[in-house]
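By convention here, the first residue in the shown sequence is residue 1. The shown structure was predicted, so the numbers you read here are calculated from the model rather than taken from an experiment.
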Amino acid sequence: MKLLGISGTIIGAKTGIVIRKVLEEVRKNHPDIEVEMLDMMDYNVEFCDGRPLEKYSDDTRAVIEKVSSADFYVIGTPIFQGSIPGVLKNLFDLIHPDAFRNKVMGFVANGGTYQHFLVIENQLKPIASYFRAFVAPAYVYANYDHFNMENEIVDEGLLNRISYLADEVVHMHKSLKVNPVKIVE
């Protein structure tokens with residue numbers, strides 16, 4: 001069982017910090033789960049334009065393979081201008097919808113204001129619904145006040161939400177594997 005943490009941005013550090021903290025919690029509390037981090041900063045991913053998979057660059061194909069082969073996800077995004085960045089939207093566009101079907105997604109977001117948490121509700125959850133993925137009810141939203149000047153998480157409430165999300169996505173994934181849901185078209 002592989003949990004893939006995705007930091008869906010190529011700028012800034014906070015999204016990756018929070019995703020890594022979720023993965024650290026999973027490693028600590030669920031050693032039977034394999035975890036992997038996909039940081040979009042580490043790849044030069046091409047824009048989705050509908051060409052066949054084999055026509056994309058090695059980096060783009062590697063990212064598509066990592067995402068498609070994972071069993072469940074924690075997906076993180078910064079909020080820019082009240083929306084997800086193009087990097088994450090492009091990633092969603094590159095992945096075949098069947099790759100996410102019946103898989104659990106947990107969401108993490110960070111932004112400059114408290115109100116931007118609504119992007120999870122209004123943008124990420126509908127995307128997951130389109131993919132027919134299962135969405136963890138809990139999510140994590142962080143803002144600048146939750147970090148110190150060294151970008152360390154200093155807010156206990158945020159750390160508690162991170163721990164809760166880590167346990168929730170693992171619990172959902174394991175529960176759905178024991179009792180798979182039959183979806184009728």
Side-chain angles (χ1 to χ4, degrees), residues 2-28 35-48 56-68 70 72-95 100 104-128 131 133 135-136 138-166 168-169:
K2 182 174 17 176
L3 169 62
L4 183 65
I6 300 172
S7 178
T9 184
I10 57 171
I11 189 168
K14 289 176 176 62
T15 302
I17 289 166
V18 177
I19 291 289
R20 284 180 183 86
K21 188 66 176 169
V22 173
L23 297 179
E24 179 184 308
E25 287 292 309
V26 171
R27 275 189 206 101
K28 181 175 76 177
V35 298
E36 183 176 355
M37 176 71 177
L38 172 61
D39 192 331
M40 295 302 290
M41 287 186 202
D42 297 337
Y43 296 88
N44 185 14
V45 175
E46 296 171 290
F47 285 112
C48 178
Y56 285 102
S57 69
D58 290 344
D59 269 7
T60 303
R61 287 193 320 270
V63 166
I64 292 169
E65 175 57 30
K66 282 180 186 293
V67 174
S68 299
F72 62 123
Y73 310 90
V74 176
I75 300 170
T77 183
I79 307 303
F80 297 137
Q81 309 300 339
S83 186
I84 65 174
V87 172
L88 183 58
K89 176 62 170 92
N90 186 56
L91 177 63
F92 287 140
D93 290 344
L94 286 164
I95 306 302
F100 289 121
V104 174
M105 289 183 176
F107 292 118
V108 167
N110 60 283
T113 72
Y114 282 100
Q115 292 78 12
H116 280 143
F117 79 91
L118 292 170
V119 171
I120 295 170
E121 294 291 340
N122 297 324
Q123 293 178 22
L124 292 173
K125 286 183 176 183
I127 291 169
F131 288 130
V135 178
Y139 53 81
V140 172
Y141 180 76
N143 72 30
Y144 297 118
D145 295 338
H146 296 131
F147 297 85
N148 64 17
M149 295 303 288
E150 290 77 38
N151 271 340
E152 299 166 326
I153 299 171
V154 294
D155 185 86
E156 285 301 316
L158 177 61
L159 292 169
N160 290 336
R161 290 189 300 278
I162 287 169
S163 181
Y164 188 86
L165 178 64
E168 187 172 70
V169 294

How far does OH of Tyr73 sit from CG of Leu4, to the nearest 0.5 angstrom?
7.0 Å

Would you name the heavy atoms of Ala166 and Val22 that are closest together and state the gap between them?
CB-O, 3.8 Å

Would you say Val108 and Thr77 make side-chain contact, with heavy atoms under 4.5 Å?
no

Pair Leu3, Glu36 - check side chain to side chain contact (heavy atoms under 4.5 Å, CB included), show working.
CA-CA 6 Å; Leu3 169 62; Glu36 183 176 355; over 6 Å; no

Go through it in stages, so that I can follow the logic: the residues are Val169 and Phe72, the test is side chain to side chain contact (heavy atoms under 4.5 Å, CB included), and I'd like the CA-CA distance, side-chain angles, deciding distance and then a yes or no.
CA-CA 8 Å; Val169 294; Phe72 62 123; 4.2 Å; yes

Distance (rounded to the nearest 0.5 Å) between Phe131 CZ and Ile95 CD1:
8.0 Å

Sequence-distant partners of Glu121, side chain to side chain contact (heavy atoms under 4.5 Å, CB included), two or more places apart
Lys125, Tyr139

Can you tell me if Asp155 uses its side chain to pair, donor with acceptor, with the backbone of His146 under 3.5 Å?
no

Could you tell me which non-hydrogen atom of Leu88 sits nearest to which non-hydrogen atom of Gly76, and how far apart they are?
CD2-O, 4.4 Å

Note: Ile19 and Met37 closest approach over all heavy atoms is CG2-SD, 3.4 Å

Closest non-hydrogen atoms of Ala136 and Gly106, given as atom of the first, atom of the second and distance, are CB-CA, 4.2 Å

Side-chain contact test, heavy atoms from C-beta onward, threshold under 4.5 Å: evaluate it for Val63 versus Leu94 and give yes or no.
no

Do the side chain of Asn90 and the main chain of Gly86 share a donor and acceptor less than 3.5 angstrom apart?
no

With heavy-atom distances below 4.5 Å as the criterion, would you say the side chains of Ile79 and Tyr141 are in contact?
yes

Ser163 side-chain N/O to Leu159 backbone N/O, donor-acceptor pair under 3.5 Å
no

Using the six-membered ring wherever Trp is involved, compare the ring planes of Phe100 and Phe92 and label them parallel, tilted or perpendicular (cut-offs 30° and 60°).
perpendicular

Any sub-3.5 Å donor-acceptor pair from Gln123's side-chain atoms to Ile84's backbone N or O?
yes

Just how far is it from atom CG of Leu91 to atom OG1 of Thr60, taken to the nearest 0.5 Å?
10.0 Å

Answer yes or no: is there a side-chain heavy-atom contact under 4.5 Å between Met40 and Val45?
yes

Looking at Glu24 and Arg27, does any basic side-chain N land under 4.0 Å from a carboxylate oxygen?
no

Closest contact, heavy atoms only, Tyr43 versus Ala62
CE2-CB, 4.4 Å

Where do Val154 and Phe147 come nearest, in terms of heavy atoms and distance?
CG2-C, 3.9 Å

Asn143, Asn110, Asn151 screened by side chain to side chain donor-acceptor pair (under 3.5 Å) with Lys14, the one that passes:
Asn151

Does Arg61 reach the main-chain N or O of Tyr56 with its side chain, forming a donor-acceptor pair under 3.5 Å?
yes

